[in-house]
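These numbers were taken from a predicted model, which means no experiment stands behind them. Residue numbers start from 1 in every chain, and the chains themselves are labelled A, B, ... in the order their sequence lines are given, proteins ahead of strands.
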2 protein chains.
Amino acid sequence: MRLKRVVLERLMRYHRFLSQTTASKPIQTITSAQIAEALDIDPTQVRKDFGAIGLVGIGRVGYQVEDVCCAVRTVMGFDKENPAVLIGVGQLGGALLTYPGFEKYGLSITAVFDSDPAKTGRSKAGHTIRSIRSLKPYIRKHGIMLAILCTPVEVSQTIADRLVSVGIKAIWNFTPTDLAVPPDVLVRDEHISLGLSEIAYHLKKL
Amino acid sequence: MRLKRVVLERLMRYHRFLSQTTASKPIQTITSAQIAEALDIDPTQVRKDFGAIGLVGIGRVGYQVEDVCCAVRTVMGFDKENPAVLIGVGQLGGALLTYPGFEKYGLSITAVFDSDPAKTGRSKAGHTIRSIRSLKPYIRKHGIMLAILCTPVEVSQTIADRLVSVGIKAIWNFTPTDLAVPPDVLVRDEHISLGLSEIAYHLKKL
DNA sequence: CTGAATATGTGAAATATATCACGATTGGTC
DNA sequence: GACCAATCGTGATATATTTCACATATTCAG
């Protein structure tokens with residue numbers, strides 16, 4: 001069965017927690033209760049999630065940390081290499097380019113594009129910025145599936161349409177727009193304004 | 001009744017959609033069906049959300065766009081000025097400093113801190129970077145409620161503890177750590193690795 | 001080897017969230 | 001002014017998610 005978004009996010013949290021924990025002091029096994037305690041989740045939830053990706057624990061012992069990490073990485077597809085293009089090299093796009101954590105998850109940015117002629121040809125974080133006109137040919141030629149969208153909000157839908165037309169299958173959307181795409185294309189929104197709403201509301205209630 | 005996170009996020013999407021729509025062509029009213037169509041949500045959901053913040057529509061007409069935007073801003077607390085401190089002026093911290101959209105939501109970064117002596121005293125995006133040692137006095141003196149955390153992962157819990165001890169009520173966490181804080185302190189996580197999990201999984205399934 | 005303690009695994013119950021169905025209300029038309 | 005079509009408001013229903021309860025499995029002590 002296809003895993004839901006909430007499950008994927010929890011799996012990611014387990015993985016991160018275990019990576020960080022084992023980095024400081026090596027441990028062989030861990031119980032669902034320990035994970036639940038640290039992440040403020042119900043222990044049953046942890047066991048169900050683990051069960052969903054085929055992990056089995058041992059009574060009175062728990063789960064092999066190694067196995068858990070491995071299973072999560074496999075299920076998520078972090079072993080598979082995912083080439084991606086990044087579009088829009090502004091402040092945020094630039095910051096993402098230098099983010100060192102992507103390769104750990106199999107993501108590699110292979111080309112970056114911008115519509116500003118003043119930027120094209122220049123180099124940023126080891127990437128030569130290409131003209132937006134070469135976007136479609138590039139994607140087609142290299143069979144790119146994933147685009148990271150960091151453009152101004154006015155052009156994001158236009159670019160998204162172009163991406164879809166050449167076969168992009170997932171858009172990581174850092175622009176504050178609700179993109180319209182066909183149902184087989186995944187859009188993952190990363191608008192920080194959503195987070196801001198939760199914060200502002202909380203502060204107001206004090 | 002206290003609004004749930006999912007409701008807040010939808011309200012934010014309505015608000016953004018209406019802002020963008022009215023910017024291009026001014027309209028007076030809108031129906032729940034129109035919003036639902038654009039945002040791929042059930043129309044009933046839209047009406048329920050509006051009802052939850054006290055909005056009433058008119059049969060055969062819909063809702064006053066002006067009223068909706070206004071109600072959302074009020075409920076969210078965007079009218080209230082929220083001073084915040086930003087900690088950790090790396091790539092991401094720097095990008096956030098220059099983000100122009102915060103003031104629209106009542107958020108203003110009033111001071112920035114970093115533990116690196118090479119950075120303190122320097123200026124970035126109009127802010128003088130202060131030593132991390134002056135963090136606690138500053139927060140206490142100005143009664144700051146919100147901290148934006150962009151430090152390396154190794155120190156994020158330590159900094160969080162300090163923030164809590166001096167009375168911070170919300171932490172916007174851009175570090176990949178599950179912070180442990182008292183229940184009255186809100187932590188909003190903004191780890192991009194969560195988004196990555198959804199994307200990688202989707203691409204793997206193709 | 002036996003019993004006590006502590007885990008897991010999972011069906012059942014509870015809770016939360018989203019959708020449906022439909023009466024009530026409004027605006028336009030003839 | 002009366003009827004029709006479109007829209008809201010909301011209780012009822014359906015679905016999804018989380019939590020509970022407990023049988024089953026494993027370890028360790030004596």
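- Side-chain contact of Thr120(A) with Arg130(A): a donor-acceptor pair under 3.5 Å is absent, judged by distance alone.
- The CG atom of Leu3(A) sits 11 Å away from the P atom of dT17(D) (whole-angstrom rounding).
- Remark: Thr31(A) is not in phosphate contact with dA7(C), judged by side-chain N or O atoms under 4.0 Å from OP1 or OP2.
- Looking at heavy-atom distances under 4.0 Å, Lys48(A) makes contact with a base.
- Nearer to the 5' terminus of DNA chain D, by closest-nucleotide assignment, is the contact made by Gln45(A) (compared with the other of Gly59(A) and Gln45(A)).
- In this structure, Gln34(B) atom CD and dT7(D) atom P are separated by 7 Å, rounded to whole Å.
- Taking only side-chain atoms of Ser32(B), from C-beta outward, the nucleotide of dT18(D), dG9(C), dC8(D) with the closest atom is dC8(D).
- Between the side chain of Arg60(A) and the base of dT27(D) there is at least one donor-acceptor pair of N/O atoms closer than 3.5 Å.
- In this structure a side-chain-to-backbone donor-acceptor pair under 3.5 Å is missing from Lys169(A) to Leu186(A).
- Arg5(A) comes within contact range of no nucleotide atom at all, as no heavy-atom separation falls under 4.0 Å.
- Side-chain N/O atoms of Thr44(B) include none lying less than 4.0 angstrom from OP1 or OP2 on dC20(C).
- Phosphate contact (OP1/OP2 of dT26(C), side-chain N/O of Tyr63(B), threshold under 4.0 Å): absent.
- Of the candidate nucleotides dT26(D), dG9(C), dT26(C), dT26(C) has the atom nearest to the side chain of Ile58(B).
- A salt bridge links Glu9(B) with Arg188(B): at least one charged nitrogen is closer than 4.0 Å to a carboxylate oxygen.
- As rounded to whole Å, 15 Å separates atom P of dT7(D) from atom CD of Gln64(B).
- Under 3.5 Å, the side chains of Arg16(A) and His191(B) contain a donor-acceptor pair of N or O atoms.
- Distances shorter than 4.0 Å separate some side-chain N or O of Arg10(B) from OP1 or OP2 on dA18(C).
- Distance, Asp42(B) CG to dA14(D) P: 16 Å, rounded to whole Å.
- Atom C1' of nucleotide dT10(D) and atom CG of Asp49(B) are separated by 14 Å, given to the nearest angstrom.
- We find that CG of Asp40(B) is positioned 13 Å from P of dA18(C), with the value rounded to whole Å.
- Look at Arg47(B) and you'll find a side-chain N or O under 4.0 angstrom from OP1 or OP2 of dC8(D).
- The separation between Ile41(B) atom CD1 and dT17(C) atom P is 15 Å, rounded to whole Å.
- Gly51(A) comes within contact range of no nucleotide atom at all, as no heavy-atom separation falls under 4.0 Å.
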Does the pair Asp189(A) and Thr177(A) meet the rule for a side chain to side chain contact (heavy atoms under 4.5 Å, CB included), with working shown? CA-CA 9 Å; Asp189(A) 294 320; Thr177(A) 310; over 6 Å; no
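- The NZ atom of Lys4(B) sits 15 Å away from the P atom of dT17(D) (whole-angstrom rounding).
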